[in-house]
Asker: 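I have a structure here, written as structure tokens, and I will follow up with some questions on it.
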Amino acid sequence: MTPDPNPGLDPGLNPGPNPDPRRVPARADLAAAHLRGEVAAARYAEPTRLVVSLPVAPLTRRAQAEAPMESQLLYGEGFAAYEHDGEWAWGQAEADGYVGYLPRAALAPAGAPASHRVAALFTHVYPGSSLKARPLGWLTYGAQVAVAGVEAGFAVLEAGGHIPVQHLVPRAHLAPDWVAEAARFTGVPYLWGGRAPTGLDCSGLLQLALQAAGRDCPRDSDMQEAELGRTLAPGTPAMRGDLMFWKGHVGIMLDGTRMLHANAHHMAVAAEPLAAARTRILVAGGGPETRHARLDGAGGGD
């Protein structure tokens, strides 16, 4: 996937009469400058590009510490901020266009462009090229870093710190099998709004796996249901890489009978027979499946 020079923002966007506030940077008092003439707002602003400076940062719909977490941004990911002069920054995530508030303390001015991303579920950041040194911190899968060089088996980061080279891949690297990428998160705790190995929700799991393979993927399961793949007729046999949707939920088929999903029943990313999941979700009041979809290229690696 070729990085967009203005990622997450579409100057030609026509949000229509009922814009989705999750992906349109517009409030009654403030909107992105490229939306002038398309949405009404008291004022308009150009974006300031910031990057996430913590391992994981919570994104919320309200500028309140107690507000529910809608998503997360990972270290090094970009954020187009339209308001950032207080405790909170409001803007749009470059990775998927999601709009919301981030703690201003979790953001920093953009530095050198990221050259690599973390491919291990977790990695430590060391002060030098010694595995015996006490780590300075840690980063998760998907974190983006700028590498200045390599020293004794460690990548030297432009921002300071050293990471084992085995834990990094070039930013442009495409995972060959996105279903296998998703399966790596088996056992990770369930977390509403989670998008990291510290905790995942169902749509966050799918998004991380597809993004690692260079596929665009929206953030929430209703967006994914509306936009990903082609719909299959009821009763079509499932195959590896198929997506199974319920209202507010998505699962990934590992083969013709087993589904992987982050779910609140197991409170984890878990694999189970599709038939068992169907029955349990129906009995719990979640209803029947709403869509069975297949992506071009299926799951890869098969």
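Heads up: numbering here begins at 1 and tracks the sequence.
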Asker: If you take all heavy atoms of Met259 and Ala277, which pair is closest and at what distance?
Answerer: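 Scanning both residues completely, I find the closest heavy atoms to be CE-CB, 3.7 Å.
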
Asker: Please confirm whether the backbone N or O of Leu107 pairs with a side-chain atom of Arg104, one donor and one acceptor, at under 3.5 Å?
Answerer: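 Judged by distance alone, yes, a pair lies under 3.5 Å.
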
Asker: Just checking, any donor-acceptor pair under 3.5 angstrom between side chains of Ser115 and Arg171?
Answerer: no

Asker: Please report the interatomic distance CG(Leu54) to OG1(Thr140), rounded to the nearest 0.5 Å.
Answerer: 11.5 Å

Asker: Take Val147 and Glu158 through the side-chain contact (heavy atoms from CB on, under 4.5 Å) test and state the conclusion after the steps.
Answerer: CA-CA 6 Å; Val147 174; Glu158 289 277 4; over 6 Å; no

Asker: CG of Leu243 to CD1 of Ile252: how many Å apart, nearest 0.5 Å?
Answerer: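 CD1 of Ile252 is found 7.0 Å from CG of Leu243.
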
Asker: Rounded at 0.5 Å granularity, tell me how far OG in Ser221 sits from CD in Gln207.
Answerer: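 Between atom OG of Ser221 and atom CD of Gln207 there are 11.5 Å.
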
Asker: How far apart are the closest heavy atoms of Ala95 and Gln211, and which atoms are they?
Answerer: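 Looks like O-NE2, 3.6 Å.
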
Asker: With sequence neighbours left out, what residues match Glu225 under side chain to side chain donor-acceptor pair (under 3.5 Å)?
Answerer: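 Expected list: Thr290.
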
Asker: Please state whether the rings of Tyr101 and Trp88 are parallel, tilted or perpendicular, taking 30° and 60° as the class boundaries.
Answerer: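 Because their plane-to-plane angle is over 60°, the rings of Tyr101 and Trp88 count as perpendicular.
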
Asker: Show your reasoning for whether side-chain contact (heavy atoms from CB on, under 4.5 Å) applies to Ile163 and Trp138.
Answerer: CA-CA 9 Å; Ile163 290 178; Trp138 54 277; over 6 Å; no

Asker: Quick one: does any side-chain atom of Asp201 pair with a main-chain N or O of Gly193 as donor and acceptor, under 3.5 Å?
Answerer: yes

Asker: Working to the nearest 0.5 angstrom, can you tell me the gap between Arg230 CZ and Leu295 CG?
Answerer: 9.5 Å

Asker: Are Cys202 and Asn263 side-chain neighbours, meaning at least one heavy-atom pair lies under 4.5 Å?
Answerer: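 Result no, sub-4.5 Å side-chain heavy-atom pair not found.
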
Asker: Same cluster or not: are Phe245 and Leu200 linked, directly or through other Ile, Leu, Val, Met, Phe, Trp or Tyr residues, by side-chain heavy atoms under 4.5 angstrom apart?
Answerer: yes

Asker: Taking all heavy atoms of Val56 and all of Ala196, pick out the closest pair and write down the distance.
Answerer: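 Residues Val56 and Ala196, closest heavy atoms: CG2-CB, 3.9 Å.
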
Asker: Can Val51 and Glu77 be said to form a side-chain contact (heavy atoms from CB on, under 4.5 Å), step by step?
Answerer: CA-CA 5 Å; Val51 295; Glu77 288 189 327; over 6 Å; no

Asker: Between Arg43 and Glu83, is there a salt bridge with N-O shorter than 4.0 Å?
Answerer: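 Counted as a salt bridge, because a side-chain N and a carboxylate O are separated by less than 4.0 Å.
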
Asker: Of Arg22, His249, Lys247, which is the lone residue that meets side chain to side chain donor-acceptor pair (under 3.5 Å) with Asp222?
Answerer: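 That would be Arg22.
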
Asker: Okay, side chain of Arg219, backbone of Tyr98: is any donor-acceptor separation there less than 3.5 Å?
Answerer: no

Asker: Does some side-chain heavy atom of Pro68 sit less than 4.5 Å from a side-chain heavy atom of Arg62?
Answerer: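 Result yes, sub-4.5 Å side-chain heavy-atom pair found.
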
Asker: Quick one: CG on Leu131 to NE2 on His124, what's the gap to the nearest 0.5 Å?
Answerer: 11.5 Å

Asker: For the side chain of Gln92 and the backbone of Gly97, is there at least one donor-acceptor N/O pair under 3.5 Å apart?
Answerer: yes

Asker: Please check this pair: side chain of Glu87 against backbone of Pro103, looking for a donor-acceptor N/O pair closer than 3.5 Å.
Answerer: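 No, because the side chain of Glu87 does not come within donor-acceptor range (under 3.5 Å) of the backbone of Pro103.
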
Asker: State, without any angle test, whether His292 and Asp242 hold a side-chain donor-acceptor pair at a distance under 3.5 Å.
Answerer: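 Yes - a donor-acceptor pair under 3.5 Å links their side chains.
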
Asker: Who passes side chain to side chain donor-acceptor pair (under 3.5 Å) against Arg280, sequence neighbours left out?
Answerer: Glu272

Asker: Check the hydrophobic clustering (I, L, V, M, F, W, Y; side-chain heavy atoms under 4.5 Å; chains of links allowed) and say if Trp192 and Met267 are grouped together.
Answerer: yes

Asker: Got Met223 and Arg23 here, is their nearest side-chain heavy-atom distance under 4.5 Å?
Answerer: yes

Asker: If Ile, Leu, Val, Met, Phe, Trp and Tyr residues are connected whenever their side-chain heavy atoms lie under 4.5 Å apart, and connections chain through other members, are Leu206 and Leu208 in the same group?
Answerer: yes

Asker: State, yes or no, whether a side-chain contact exists between Val165 and Val150 at a heavy-atom distance under 4.5 Å.
Answerer: yes

Asker: Side-chain heavy atoms under 4.5 angstrom apart, residues restricted to Ile, Leu, Val, Met, Phe, Trp, Tyr: same cluster for Val269 and Phe122?
Answerer: yes

Asker: Whether the side chain of Arg291 engages the backbone of Leu232 through a donor-acceptor N/O pair (distance < 3.5 Å, no angle test) should be reported.
Answerer: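 Side chain of Arg291 to backbone of Leu232, a donor-acceptor pair under 3.5 Å: no, none is there.
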
Asker: If you define the side chain from C-beta out and look only at heavy atoms, does anything of Trp246 sit under 4.5 Å from Arg278?
Answerer: yes

Asker: Do Arg195 and Ser71 have side-chain N/O donor and acceptor atoms under 3.5 Å apart?
Answerer: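 The answer is no; no qualifying pair exists.
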
Asker: What closest approach, in Å, do Ala80 and Pro47 show between heavy atoms, and which atom pair accounts for it?
Answerer: CB-CB, 3.9 Å

Asker: Does anything in residues 140-170 form a ring-ring contact (aromatic ring centres under 6.0 Å, His included)? List the pairs, not counting sequence neighbours.
Answerer: Tyr126-Phe154, Tyr141-Phe185

Asker: State, with a plain yes or no, whether a side-chain heavy atom of Met253 is found less than 4.5 Å away from one of Met239.
Answerer: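 Met253 vs Met239: side chains apart.
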
Asker: Using modelled atom types and a 3.5 Å cut-off, is there a donor and acceptor pairing between side-chain atoms of Gln224 and backbone atoms of Ser203?
Answerer: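 Between the backbone of Ser203 and the side chain of Gln224 there is a qualifying donor-acceptor contact (under 3.5 Å).
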
Asker: Any heavy-atom pair between the side chains of Pro55 and Leu74 that's under 4.5 Å?
Answerer: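 No, side chains not in contact.
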
Asker: Of all the heavy-atom pairs spanning Ala143 and Leu139, show the shortest one and how long it is.
Answerer: CB-CB, 4.0 Å

Asker: Shortest non-hydrogen contact from Gly199 to Gln72?
Answerer: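 Closest approach of Gly199 to Gln72: O-OE1, 4.0 Å.
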
Asker: Counting N and O atoms only, with roles assigned by atom type, does the side chain of Thr279 sit under 3.5 Å from a partner on the main chain of Ala276, one being a donor and the other an acceptor?
Answerer: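 Not confirmed, Thr279 side chain does not pair with Ala276 backbone.
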
Asker: Measure the spacing between CZ of Arg240 and OG1 of Thr257 and express it to the nearest 0.5 Å.
Answerer: 13.0 Å

Asker: So if you build clusters from Ile, Leu, Val, Met, Phe, Trp, Tyr with side-chain heavy-atom gaps below 4.5 Å, do Val179 and Leu228 land together?
Answerer: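 Result: yes, single cluster for both.
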
Asker: Could you go through Glu151 and Ser129, starting from their C-alpha distance and side-chain angles, then the distance that decides it, and tell me whether this counts as side chain to side chain donor-acceptor pair (under 3.5 Å)?
Answerer: CA-CA 6 Å; Glu151 179 182 286; Ser129 54; 2.9 Å; yes

Asker: Given side-chain contact (heavy atoms from CB on, under 4.5 Å), test Val99 with Val24 step by step and report yes or no.
Answerer: CA-CA 7 Å; Val99 173; Val24 178; 5.8 Å; no

Asker: Within a strict 4.5 Å, meaning less than it, do heavy atoms of the Tyr82 and Thr48 side chains meet?
Answerer: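 SC-SC contact between Tyr82 and Thr48 ruled out.
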
